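To start, the structure under review is shown below, and the notes come after it.
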Number of protein chains: 2
Amino acid sequence: MSIDPPGFELPLRLFLGFRVLIDELHAELARQGHPHARPMHGFVMQAIGTEGTTAVELGRTLGVSKQAAGKTIETLERLGYVERARDHRDTRRKIVRLTPSGVDMLVRSARIFDDLRARWAAVIGDERLRALEADLRKVTPQDVFRLDVPGWFGA
Amino acid sequence: MSIDPPGFELPLRLFLGFRVLIDELHAELARQGHPHARPMHGFVMQAIGTEGTTAVELGRTLGVSKQAAGKTIETLERLGYVERARDHRDTRRKIVRLTPSGVDMLVRSARIFDDLRARWAAVIGDERLRALEADLRKVTPQDVFRLDVPGWFGA
DNA sequence: CAAGATAGACAACCAGGTTCACTATTACCG
DNA sequence: CGGTAATAGTGAACCTGGTTGTCTATCTTG
């Protein structure tokens with residue numbers, strides 16, 4: 001029959017948990033040869049997927065304008081994570097595809113996230129972690145990609 | 001004996017949970033007369049506290065440069081949430097203090113966060129919510145203010 | 001009292017987002 | 001079949017909120 005914590009702790013803890021995972025991911029990615037990876041890069045590349053996509057499509061997936069998506073693609077291209085080729089069936093379109101380096105980054109990220117999850121499981125217990133994930137699924141939207149991550153904070 | 005979800009779901013769910021709470025907070029704040037409140041404003045004002053602070057101090061608390069803290073204070077000042085007065089014992093310093101409107105916003109935020117937490121409790125159960133918070137405390141840093149919230153995502 | 005530290009402010013820059021405007025290409029329909 | 005409408009990409013101008021560097025004014029201290 002303990003007293004409830006103040007309501008503002010919950011969002012803070014959620015955000016801190018997110019930050020801890022993301023920070024550790026990128027520290028480890030840097031060690032594994034991806035020092036320029038940024039939090040949103042992996043996320044965007046996941047949205048690009050193995051099939052490739054276009055700027056307009058990516059913008060829709062991420063919930064940002066096509067111009068913003070275009071800028072992000074440019075950055076990723078400079079870093080060598082994606083490449084663009086024109087679509088021969090529709091010469092307006094430019095297909096964005098992951099390069100081997102981009103795929104490597106995603107593969108490593110997946111492995112690191114699994115390791116981090118295992119570390120959490122070791123701390124709080126396997127059952128509790130699964131319960132935590134199940135509970136969060138109940139109070140969050142299903143569509144995991146429409147984070148509107150970029151820019152949501154200042155808007 | 002179910003299969004573990006992929007590790008990348010955990011950070012996403014944490015972030016989504018955070019976003020849901022913050023978005024609902026600001027929708028409700030807008031309804032209650034604070035339509036210009038932004039996610040970081042409440043956070044920064046919490047860091048300013050009832051005692052007041054200075055730009056340099058605030059920057060240290062938040063983990064940003066004093067210039068960035070100064071810009072944020074300007075914004076808050078334009079919105080009428082804080083005011084600056086010079087310190088008579090050290091005329092270099094300018095003390096930043098919450099205005100009544102700023103205090104009102106914080107008070108309302110606290111109440112709304114409590115309500116939102118209660119809604120989560122109704123969905124996943126009181127015990128489970130407490131367990132979730134307790135577990136997150138185990139895997140996140142104690143110092144809740146050094147979020148480095150502003151700008152961490154792009155850096 | 002001179003030298004160093006500190007507070008605040010200004011400028012230039014960067015990242016990433018927005019909207020508006022424009023071109024090139026494709027799709028549709030009378 | 002051809003003209004109109006829709007779509008893909010790009011550029012420009014602007015906003016926010018961060019950064020570093022520099023400068024002045026004001027303590028603080030040896």
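Protein chains get the first letters and strands the later ones, always in sequence-line order, with residue 1 at the start of each. Quantities reported herein were computed from a predicted structural model and do not represent experimental measurements.
For B:R92 and B:D87, the salt-bridge test fails: no basic side-chain N is under 4.0 Å from an acidic carboxylate O. A salt bridge is absent between A:E28 and A:R108: the closest approach of a Lys/Arg side-chain nitrogen to an acidic carboxylate oxygen does not fall below 4.0 angstrom. Note on A:D115 versus A:R119: no salt bridge recorded, every NZ/NE/NH1/NH2 to OD/OE distance being 4.0 Å or above.
At C:dG17, none of the side-chain N or O atoms of A:S65 fall inside 4.0 Å of OP1 or OP2 (strictly under the cut-off). Distances shown here put every side-chain N or O of B:T75 at or beyond 4.0 Å from the OP1 or OP2 atom of D:dT16. The phosphate of D:dC27 has neither OP1 nor OP2 within less than 4.0 Å of any side-chain N or O from B:R86.
Proximity of the aromatic rings of A:F113 and B:F8 is defined here by a centroid distance below 6.0 angstrom, and this criterion is not met.
Side-chain proximity of B:K71 to D:dG9, D:dG18, C:dA9: nearest is D:dG18. Comparing D:dG9, C:dG16, D:dG18 against the side chain of B:T72 picks out D:dG18 as the nearest.
Separating the CD1 atom of A:I73 from the C1' atom of D:dT10 is a distance of 12 Å, rounded to the nearest angstrom. Put simply, CZ on B:R60 is 10 Å from P on C:dG8, counting in whole angstrom units. Atom C1' of nucleotide D:dG18 and atom CG of B:L58 are separated by 14 Å, given to the nearest angstrom. Taking atom CD on B:E57 and atom P on C:dA5, their separation rounds to 20 Å, with Å as the unit.
Take B:R111 and apply the salt bridge (charged side-chain N to carboxylate O under 4.0 Å, His left out) test, not counting sequence neighbours, and it matches no residue. Residues passing the ring pair (Phe, Tyr, Trp, His ring centres under 6.0 Å) test with B:H26: none are found, sequence neighbours excluded. Residues passing the salt bridge (charged side-chain N to carboxylate O under 4.0 Å, His left out) test with A:R86, sequence neighbours excluded: none.
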Exercise for the section: For the pair B:L136 and A:L132, evaluate side chain to side chain contact (heavy atoms under 4.5 Å, CB included) and give the outcome as yes or no after the intermediate values. Expected result: CA-CA 9 Å; B:L136 284 179; A:L132 190 151; 4.3 Å; yes

Exercise for the section: Under the side chain to side chain contact (heavy atoms under 4.5 Å, CB included) rule, what do B:D135 and A:L129 come out as? Steps first, then yes or no, please. Expected result: CA-CA 8 Å; B:D135 289 341; A:L129 181 54; over 6 Å; no

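Judged purely by atom type and a 3.5 angstrom limit, A:T99 uses its side chain to pair as donor or acceptor with the backbone of A:G80.
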Atom pairs under 3.5 Å: protein N/O with N/O of nucleotides 25-27 of chain C:
residue: C:dT25; atom: O3'; partner: A:T91; partner atom: OG1; Å: 2.8
residue: C:dT25; atom: O2; partner: A:R92; partner atom: NH1; Å: 3.1
residue: C:dT26; atom: OP1; partner: A:T91; partner atom: N; Å: 2.9
residue: C:dT26; atom: OP1; partner: A:T91; partner atom: OG1; Å: 3.0

Any protein N or O atoms within reach of nucleotides 21-23 of chain D? Criterion: under 3.5 Å, listing atom names and distances.
residue: D:dG21; atom: O6; partner: B:Q67; partner atom: NE2; Å: 2.4

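Checked by atom type, the side-chain pair A:H34/A:Y81 shows a donor-acceptor distance below 3.5 Å.
Looking at which nucleotide of DNA chain D each of B:A68 and B:R78 is closest to, the 5′-most match is held by B:R78.
End-to-end axis angle of the helix from C:dC1-D:dG30 to C:dG30-D:dC1, from C1' rotation axes over five pairs per end: 0° (rounded to 10 degrees).
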